[in-house]
Amino acid sequence: MIRNIALIDCNNFYVSCERIFRPDLQKTPVVVLSNNDGCVVSRSNEAKELGVKMGQPWFECRALSEKHNILALSSNYPLYADISNRVMNILRSYSPIHQVYSIDECFIDLTGISKTREISYQIRERVIKWTGIPVCIGIGPTKTLAKLANFIAKKHPKSKGVFNYNDLSKIQQQKILNCIPVNKVWGVGHRLSTQLKESGINTVEDLKTAHIPTLRKKFSVVMEKTQRELQGVTCFNLEDITPNKKQIISSRSFGKSVSNINTLKDAVCTFVSNATEKLRSQKSHASVIHVFLKTNRFKVDQPQHMPSLAIRLPQPTNSSLTINRWSNHLLKKIFRPEYSYKKAGIILCEISDIHSQQVDWIESATSGDSKLMTTLDRLNQRFGRGTIKISAQGFYKEWKMKQERKSPSYTTDWNSIPRV
DNA sequence: TCTCCGATTAGAC
DNA sequence: CTAACGGTCTAATCGGAGA
């Protein structure tokens, strides 16, 4: 039996989230910027039409934006996460087999359900009605083909937001795959598509029908799996449980360059709070800590320094206090006062489950932080992130991000809702 | 020569 | 006025060190 895998993808997600609370922006060009108001990470259709590129540095668009009055907003991640949850809750209700793939995408298995097309239109209508977010739906026998179908649904207005690859005849399937360039395939990015083209593989159909041994020789196993998926054979399953993270990174570019160690300590302390909170929320411990610094790689004329250092702890931990002490130690070792740093971060790895941890009764005294951490997480969850901080955090603020275009936190902060 | 492991690469969004 | 360019995550593969 041919499976009906549906991929539901929100249109221009961050921009659509912003528009929920600004209906006046419905037909106007809008973009959402990355941290530090650096690059464009979401564009409305109008902004796309004006030629704003995905990932483009915002300062490069300035002339264009002034000419056409493009509205640029700083990103507001708590808002997007909240809206995403609402959308996903609706989608989940349509099938017990589902996978939330990213903040704006979800696979659901509609195999065995009759009237797939009608159901798909119902999903679209319900999501827009209940959340205000427009979505497109692609259906195919595998995840890779569902992704491709979604691409077609997005691109062709005629599809009205739904495209079912399984509805096509073999001839029609071949015809359409012949029209789509390989780089649209899930897993084929910029580099691989260039290499594929060198081998004469230009379209999706070319990849689907390419000679496997040749393909395998030149590319990795992933390419082979991708090809099988294009042929309709499942290689990537729907994973309904999200596995725990194997590494947790917290890093940020600074609003301006920093050469003061105290400011860096402050930033690192915030990264530690951030990362350990995630660590604790998945009930894990980490054994290895990396700390790194980076100068501004775009300033070619300035001396570059990108040091990094790691340490393995004698005992896995999730205490922000313990991890902060070690991070500071590492930071002091790699820091050079003669450089101006633009970015810093920490990486927690060798992450293990709390229960699988070996109990060392000699060291067990050090886990006395755990009750404190639980309390800290509860308070921060209840009264807002940053209510309780480590004392080393928050005094030297010069590193903080630039966010000059942020919309109010409509769904996560009562005070930002306008009073009537 | 083999194995292990950290570093690098490529991709997604 | 000028300068301004993201963050997290995974898997596969590479390449050097040591067995």
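Phosphate contact (OP1/OP2 of C:dT8, side-chain N/O of A:Arg252, threshold under 4.0 Å): present. Distances shorter than 4.0 Å separate some side-chain N or O of A:Ser253 from OP1 or OP2 on C:dG7. One finds a side-chain N or O of A:Ser251 lying less than 4.0 angstrom from the OP1 or OP2 phosphate oxygen of C:dT8. Note on A:Asn36: every side-chain N or O is 4.0 Å or more away from OP1 and OP2 of C:dA4. A sub-4.0 Å separation between OP1 or OP2 of C:dG6 and a side-chain N or O of A:Lys343 is absent.
Within the nucleic acid shown, A:Gln247 comes within 4.0 Å of at least one base atom, counting heavy atoms only. Residue A:Ile103 is classed as having no contact, given no heavy-atom separation below 4.0 Å to the nucleic acid. Within the nucleic acid shown, A:Val185 comes within 4.0 Å of sugar-phosphate atoms alone, with no base atom in reach, counting heavy atoms only. Residue-level contact check: A:Asp104 touches the backbone only, with heavy atoms under 4.0 Å from sugar-phosphate atoms and none from bases. Contact annotation for A:Arg297: no contact, since no heavy-atom pair falls under 4.0 Å across all strands. Within the nucleic acid shown, A:Phe13 has no heavy atom closer than 4.0 Å to any nucleic acid atom. Within the nucleic acid shown, A:Ile248 comes within 4.0 Å of sugar-phosphate atoms alone, with no base atom in reach, counting heavy atoms only. Within 4.0 Å of A:Trp186, counting heavy atoms only, lie sugar-phosphate atoms of the nucleic acid but no base atom. Here A:Ser250 lies in heavy-atom contact (under 4.0 Å) with sugar-phosphate atoms only. Across all strands, A:Lys256 comes closer than 4.0 Å to no nucleic acid atom at all (heavy-atom distances).
The distance from atom NZ of A:Lys342 to atom C1' of C:dG7 is 14 Å, rounded to the nearest whole Å. One atom, CG of A:Asn35, and another, P of C:dA4, lie 18 Å apart when rounded to the nearest Å. Atom CG in A:Asn150 sits roughly 14 Å away from atom P in B:dA12 (whole-Å rounding). Rounded to a whole Å, the NZ atom of A:Lys217 is 18 Å from the C1' atom of C:dT13. Taking atom CD of A:Glu224 as the reference point, atom P of C:dT13 lies 11 Å away to the nearest angstrom. Summarising the geometry, the separation between CD1 on A:Ile351 and P on C:dC9 is reported as 8 Å, rounded to the nearest angstrom. Nucleotide C:dC5 holds its P atom 18 Å from the CE atom of A:Met54, rounded to whole Å. Here C:dA4 presents its C1' atom at 9 Å from NZ of A:Lys299, a figure rounded to the nearest Å.
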Q: Apply the test side-chain hydrogen bond (donor to acceptor under 3.5 Å, both in side chains) to residues A:Asp109 and A:Ser95: give CA-CA distance (whole Å), side-chain angles for both, the deciding distance (0.1 Å), then the verdict.
A: CA-CA 6 Å; A:Asp109 190 342; A:Ser95 173; 5.8 Å; no
**Q.** Evaluation steps, side chain to side chain contact (heavy atoms under 4.5 Å, CB included), between A:Arg43 and A:Val31
**A.** CA-CA 4 Å; A:Arg43 305 160 294 161; A:Val31 300; 4.1 Å; yes
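Within a 6.0 Å sphere centred on NZ of A:Lys160, heavy atoms belonging to other residues, nucleotides or ligands number 12 at most.
Base-pair partner of B:dT8: C:dA12 (Watson-Crick or G-U wobble, both distances under 3.5 Å). Across the strands present, B:dT1 finds its partner in C:dA19; the criterion is a Watson-Crick or G-U wobble pair with both atom distances under 3.5 angstrom. The pairing partner recorded for C:dT2 is none, the criterion being a Watson-Crick or G-U wobble arrangement whose two distances lie under 3.5 angstrom.
Between the P atoms of C:dC5 and B:dA12, the separation comes to 25 Å (whole Å).
In this structure, the nucleotide among C:dC9, B:dA12, C:dT13 sitting nearest to the side chain of A:Lys278 is C:dC9. Among C:dC5, C:dA12, C:dA4, the nucleotide with an atom closest to any side-chain atom of A:Val222 is C:dA12. Here the side chain of A:Lys245 is nearest to one of C:dT10, C:dG6, B:dG6, namely C:dT10. When distances are taken from the side chain of A:Arg191 to each of C:dC5, C:dC9, B:dA10, the shortest belongs to B:dA10. The A:Lys225 side chain lies nearest to C:dA12 when the options are C:dA12, C:dC5, C:dT8.
Between A:Phe219 and A:Lys246, it is A:Lys246 whose nearest contact on DNA chain C lies nearer the 5' terminus. Nearest-nucleotide assignment on DNA chain C puts the 5′-proximal partner with A:Val41, out of A:Val41 and A:Val221.
Between the side chains of A:Glu18 and A:Tyr80, a donor-acceptor pair is found at a separation under 3.5 Å. Under 3.5 Å, the side chains of A:Asn89 and A:Arg92 contain a donor-acceptor pair of N or O atoms. A donor-acceptor contact closer than 3.5 angstrom is absent between the side chains of A:Ser44 and A:Asn12.
By the 4.5 Å heavy-atom criterion applied to side chains, A:Tyr77 and A:Asn35 are counted as neighbours.
Judged as a salt bridge (Lys or Arg N to Asp or Glu O under 4.0 Å), not a single pair has a partner in residues 293-309 of chain A (not counting sequence neighbours).
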